[in-house]
Amino acid sequence: MTSKATTWRATVLTLFPDMFPGPLGVSLAGKALASGLWVLEARDIRDSATDRHRSVDDTPAGGGPGMVLRADVLAAAIDAADAAPGGPKDRPRDRPGDRPRLLMSPRGRPLTQSRVTELAAGSGPLIVCGRFEGVDQRVIEARGLEEVSIGDYVLSGGEIAAMALIDACVRLLPGVMGKQASGAEESFSEGLLEYPQYTRPQEFEGRPIPEILTSGDHARVAAWRRAESEALTRARRPDLWAIKSGQNRPKNTTDG
Ligand code: ADE
């Protein structure tokens, strides 16, 4: 079989397919979607329910509040997505199982720019949006779902988290941002926060643009930006700064 390049595709399994494309349908991601640079497929988990009430959830085993998404219904929804036209079986680059299968969940591993870069470089993930109190653990294991969190706070469902993840990937796809992408990207992947930016007017409410930035001296501008990035990272993100300063330590020093 000859392998053909495929368009990056995000398949989202959700109980609220009407939430999509939502913000992904406007601005940068929306323009790229309209011009076919990527594909969004939102599938209703409820279409895989089998009883006459189309139920997707049930009470938690062992008791407790809320409802849990049923393993059988969600597994059927994942299998149906794999079998759908345009799904993995039609796509030489990702046989079923090759495609990352993500579950948006506050108990997942925190999403990072490096994971986003990996996901953008592939042919696109299948993303399950959790709701209720959670998802039956057995389907997480049986379908190899990778739990992903977008931060230490609880949203009412995984849809907005999925949109954040997709947006972060789409802006990295070839042709979506052109040259603009590189600067900000490098800054984060280098493990530092971005330096402050300024534009006209030259003075705003008594605050001038820092003089260095209008000096035309590119080396001084670069040094100033680097120092600002480092100071911001140290103050706001000691976790990132600890990694960064660890990397910069000379390799041949001996401890103690
Ligand atoms: N669903 C609810 N809260 C979430 C979070 N913080 N990250 C990912 N998915 C979620």
Side-chain angles (χ1 to χ4, degrees), residues 8-30 32-33 38-49 54-71 73-75 77-78 81 99-120 122 124-141 143-173 184 188 193 236-237 239-240:
W8 196 87
R9 170 188 300 252
T11 298
V12 181
L13 302 188
T14 169
L15 291 166
F16 301 98
D18 292 349
M19 286 173 81
F20 292 86
L24 298 170
V26 295
S27 188
L28 200 80
L33 185 60
W38 67 290
V39 173
L40 176 64
E41 184 193 15
R43 300 175 63 93
D44 193 344
I45 295 171
R46 201 173 292 281
D47 290 343
S48 296
R54 305 225 304 154
S55 42
V56 293
D57 58 334
D58 213 327
T59 52
M67 300 292 269
V68 177
L69 205 50
R70 287 171 58 130
V73 175
L74 184 53
I78 293 169
R99 187 181 197 195
R101 289 173 172 166
L102 314 179
L103 168 63
M104 304 316 296
S105 156
R107 62 171 218 182
R109 276 218 184 87
L111 183 64
T112 59
Q113 188 64 30
S114 79
R115 186 69 182 118
V116 166
T117 306
E118 284 171 7
L119 291 169
L126 176 142
I127 307 171
V128 176
C129 300
R131 280 266 151 185
F132 313 111
E133 299 314 298
V135 171
D136 190 307
Q137 182 63 27
R138 293 167 298 177
V139 69
I140 299 176
E141 293 165 13
R143 291 296 179 276
L145 302 182
E146 170 190 340
E147 292 180 74
V148 176
S149 165
I150 64 158
D152 291 339
Y153 41 80
V154 181
L155 303 168
S156 51
E159 285 77 8
I160 290 172
M163 288 174 196
L165 181 146
I166 294 169
D167 181 82
C169 291
V170 165
R171 59 188 289 283
L172 300 183
L173 299 177
F188 213 103
L193 303 184
R236 291 187 187 167
R237 293 293 303 274
D239 55 328
L240 291 181

* CG on L69 to CG on L13, rounded to 0.5 Å -> 10.0 Å
* If only atom types and distance count, is the side chain of S149 paired as donor or acceptor with the main-chain N or O of G151 below 3.5 Å? -> yes
* To do: Decide yes or no for T59 and M67: does some side-chain heavy atom of the first lie under 4.5 Å from some side-chain heavy atom of the second?
  => yes
* Is it true that a side-chain atom of R109 and a backbone atom of E147 form a donor plus acceptor pair closer than 3.5 Å? -> no
* **Close side-chain approach of L24 to V170, heavy-atom, < 4.5 Å** => no
* To do: Compare all side-chain heavy atoms of C169 with those of W8 and state whether any distance is below 4.5 angstrom.
  => yes
* Is D152 atom CG crowded by more than 12 heavy atoms from other residues, nucleotides or ligands, each under 6.0 Å away? -> no
* Which pair of heavy atoms, one from A168 and one from V116, lies closest together, and at what distance? -> O-CG1, 3.4 Å
* Write out all pairs satisfying salt bridge (Lys or Arg N to Asp or Glu O under 4.0 Å) with one or both partners inside residues 13-22, taking only residues at least two apart or from two chains. => none
* Asked: With distance as the sole test, does R101 use its side chain to make a donor-acceptor pair with the main-chain N or O of R143 at under 3.5 Å?
  -> yes
* Asked: Looking only at heavy atoms, what is the nearest atom pair of L193 and R236, with distance?
  -> CD1-CB, 4.0 Å
* To do: Could you tell me the separation between the CG atom of L172 and the CG atom of D167, rounded to the nearest 0.5 Å?
  => 9.5 Å
* Do L15 and R46 have side chains that get closer than 4.5 Å, going by heavy atoms? -> yes
* To do: Could you check if a side-chain atom of D58 sits within less than 4.5 angstrom of a side-chain atom of V68, using non-hydrogen atoms only?
  => no
* To do: Nearest 0.5 Å please: distance from the CZ atom of R54 over to the CD1 atom of I45.
  => 12.0 Å
* To do: Report yes if some heavy atom in the side chain of R131 is under 4.5 Å from a heavy atom in the side chain of E159; otherwise report no.
  => yes
* Asked: Taking all atoms of both residues into account, what is the closest heavy-atom pair of A10 and W38, and its distance?
  -> CB-CZ3, 4.5 Å
* Minimal non-hydrogen separation, I127 against A162, with atom names -> CG2-CB, 3.8 Å
* From Q113 atom CD to E118 atom CD, the distance as rounded to the nearest 0.5 Å -> 11.0 Å
* Asked: How far apart are the C-alpha atoms of T14 and R43, what are their side-chain angles, what is the distance that settles it, and do they pass the side-chain contact (heavy atoms from CB on, under 4.5 Å) test?
  -> CA-CA 6 Å; T14 169; R43 300 175 63 93; over 6 Å; no
* Structure fact -> Closest non-hydrogen contact found for G66 with P60 is O-CD, 3.2 Å
* R99 CZ to T11 OG1 distance, which is reported to the nearest 0.5 Å -> 3.5 Å
* **Residues E141 and R138 bridged, charged N to O under 4.0 Å** => no
* Could you walk me through whether V128 and V139 pass the side-chain contact (heavy atoms from CB on, under 4.5 Å) check? -> CA-CA 11 Å; V128 176; V139 69; over 6 Å; no
* Structure fact -> In terms of heavy-atom contacts, V135 and G130 come closest through CG2-CA, 4.3 Å
* State, with a plain yes or no, whether a side-chain heavy atom of L155 is found less than 4.5 Å away from one of I150. => yes
* Asked: Between atom CG of L111 and atom CG of L102, what is the distance when rounded to the nearest 0.5 Å?
  -> 9.0 Å
